[in-house]
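Here's the structure we're looking at; comments come further down.
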Amino acid sequence: MSPPDAPFVTVVAGVPRSGTSLMMQMLRAGGLELLTDGARPADADNPNGYFEFAAVRGLRRDAAWLDGAEGSAVKIVHSLVTALPADRAYRVILLRRRLAEVAVSQRAMLERAGAPPDDLADERVTAVFRAQLDEVDRWLTAQRNFSLLRVDYNDAVSHPGPVAERVNRFLGGNLDCDAMAAAVDPALYRQRR
């Protein structure tokens with residue numbers, strides 16, 4: 001674990017449809033600078049935006065975009081977290097959501113986009129994501145330059161104030177917790193299981 005006062009990059013990670021965009025929205029509302037490019041516009045599935053940064057997809061080949069990213073937050077899908085270079089400090093907010101909800105939400109998003117249905121059953125998607133998340137969680141826990149905060153999406157939606165306070169403490173205590181909590185719109189929690 002890196003020293004508490006060392007510069008760090010904030011990473012918001014999770015499986016698709018696990019609440020990473022919601023967390024990015026909370027961080028922005030709280031006053032944290034976000035590393036995004038706006039290339040993927042808001043839509044019916046994420047009406048407040050995706051908060052993505054396209055260069056993240058090439059992280060395994062090129063991590064130069066991380067230079068100067070200290071003090072900012074970036075969203076990274078769970079499977080790319082292990083590709084982050086060990087030459088800097090990270091504080092990772094790992095989003096967890098009921099995986100049955102993730103599977104249903106992902107299927108609904110793909111259907112709205114006109115994509116053919118996934119050939120894996122929801123139960124199989126759930127099992128794959130569970131195994132991948134557990135592996136990433138173990139890896140993060142073993143890294144000296146990573147600090148980890150696990151956040152439950154379902155808890156963030158139903159109790160945004162306490163979650164905002166936990167996140168604020170984890171990131172050094174300089175965020176506006178009230179604004180973070182106010183950024184949560186429970187009406188957007190649509191795939192409840």
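Each residue takes its place number in the sequence, starting with 1.
With sequence neighbours left out, Arg28 forms a side chain to side chain contact (heavy atoms under 4.5 Å, CB included) with Gln25, Leu34, Phe51.
With contacts defined as side-chain heavy-atom distances shorter than 4.5 Å, the pair Phe129/Ser18 does not qualify. Looking at heavy atoms from C-beta onward, Val128 lies in side-chain contact with Gln132 at the 4.5 angstrom threshold. With a 4.5 Å cut-off on side-chain heavy atoms, Val167 and Met180 count as touching. Using a 4.5 Å heavy-atom threshold, the side chains of Met26 and Val184 count as touching. Residues Glu33 and Thr10 have side chains not in contact (no heavy-atom distance under 4.5 Å, counting atoms from C-beta outward). A 4.5 Å side-chain heavy-atom check between Leu22 and Val157 finds at least one atom pair inside the cut-off. At a threshold of 4.5 Å between non-hydrogen side-chain atoms, the residues Leu133 and Leu94 count as touching.
A donor-acceptor pair under 3.5 Å links the side-chain atoms of Asn168 to the main chain of Leu175, judged by distance alone. Of the possible donor and acceptor atoms, none in the side chain of Lys75 sits under 3.5 Å from a partner among the backbone N and O of Thr36. Side-chain atoms of Arg166 come within 3.5 Å of backbone atoms of Arg150 as a donor-acceptor pair (strictly under, hydrogens ignored).
Looking at every heavy atom in both residues, Asp37 comes nearest to Ala54 through OD2-N, 2.7 Å. Minimum interatomic distance between Ala73 and Leu27 (heavy atoms only, all atoms of both residues): CB-CD1, 3.9 Å. The shortest heavy-atom contact between Ala89 and Pro7 is CB-O, 3.5 Å. Here the closest non-hydrogen pair linking Phe170 and Arg91 is O-NH1, 2.8 Å. Closest approach of Val77 to Pro16, counting heavy atoms only: CG2-CD, 4.1 Å. The nearest pair of heavy atoms linking Gly14 to Thr20 is N-CG2, 3.7 Å.
For the atom pair OG (Ser21) and CD (Glu52), the distance works out to 6.5 Å, reported to the nearest 0.5 Å. Atom CG of Leu95 and atom CG of Asp152 lie 8.5 Å apart (nearest 0.5 Å). Note that the CZ atom of Phe53 and the CG atom of Leu66 stand 9.0 Å from one another [nearest 0.5 Å]. How far CG of Leu32 is from CG of Asn174: 10.0 Å, rounded to the nearest 0.5 Å. The structure places OH of Tyr153 at 10.0 Å from CZ of Arg98, a figure rounded to the nearest 0.5 Å. Annotation: the span from Arg57 atom CZ to Leu80 atom CG amounts to 10.0 Å, rounded to 0.5 Å.
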Open item on the list: Apply side-chain contact (heavy atoms from CB on, under 4.5 Å) to residues Leu35 and Val56 and explain how you reach the verdict.
Closed with: CA-CA 10 Å; Leu35 190 56; Val56 168; over 6 Å; no
Task: Verdict with reasoning, Arg88 to Asp67, per salt bridge (Lys or Arg N to Asp or Glu O under 4.0 Å) - done: CA-CA 9 Å; Arg88 66 196 79 224; Asp67 294 339; 3.3 Å; yes
- [ ] Apply salt bridge (Lys or Arg N to Asp or Glu O under 4.0 Å) to the pair Asp137 and Arg96, showing each step before the final yes or no.
- [x] CA-CA 11 Å; Asp137 194 292; Arg96 294 277 196 156; 3.7 Å; yes
Task: Stepwise side-chain contact (heavy atoms from CB on, under 4.5 Å) check, Ile76 with Val74 - done: CA-CA 6 Å; Ile76 300 179; Val74 63; 4.0 Å; yes
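Of the residues Val11, Asn145, Leu140, Val9, the one that meets the side-chain contact (heavy atoms from CB on, under 4.5 Å) test with Leu84 is Val11.
Glu135 CD: 12 or fewer foreign heavy atoms inside a 6.0 Å radius.
Between Phe8 and Tyr90, the ring center distance fails the sub-6.0 Å criterion.
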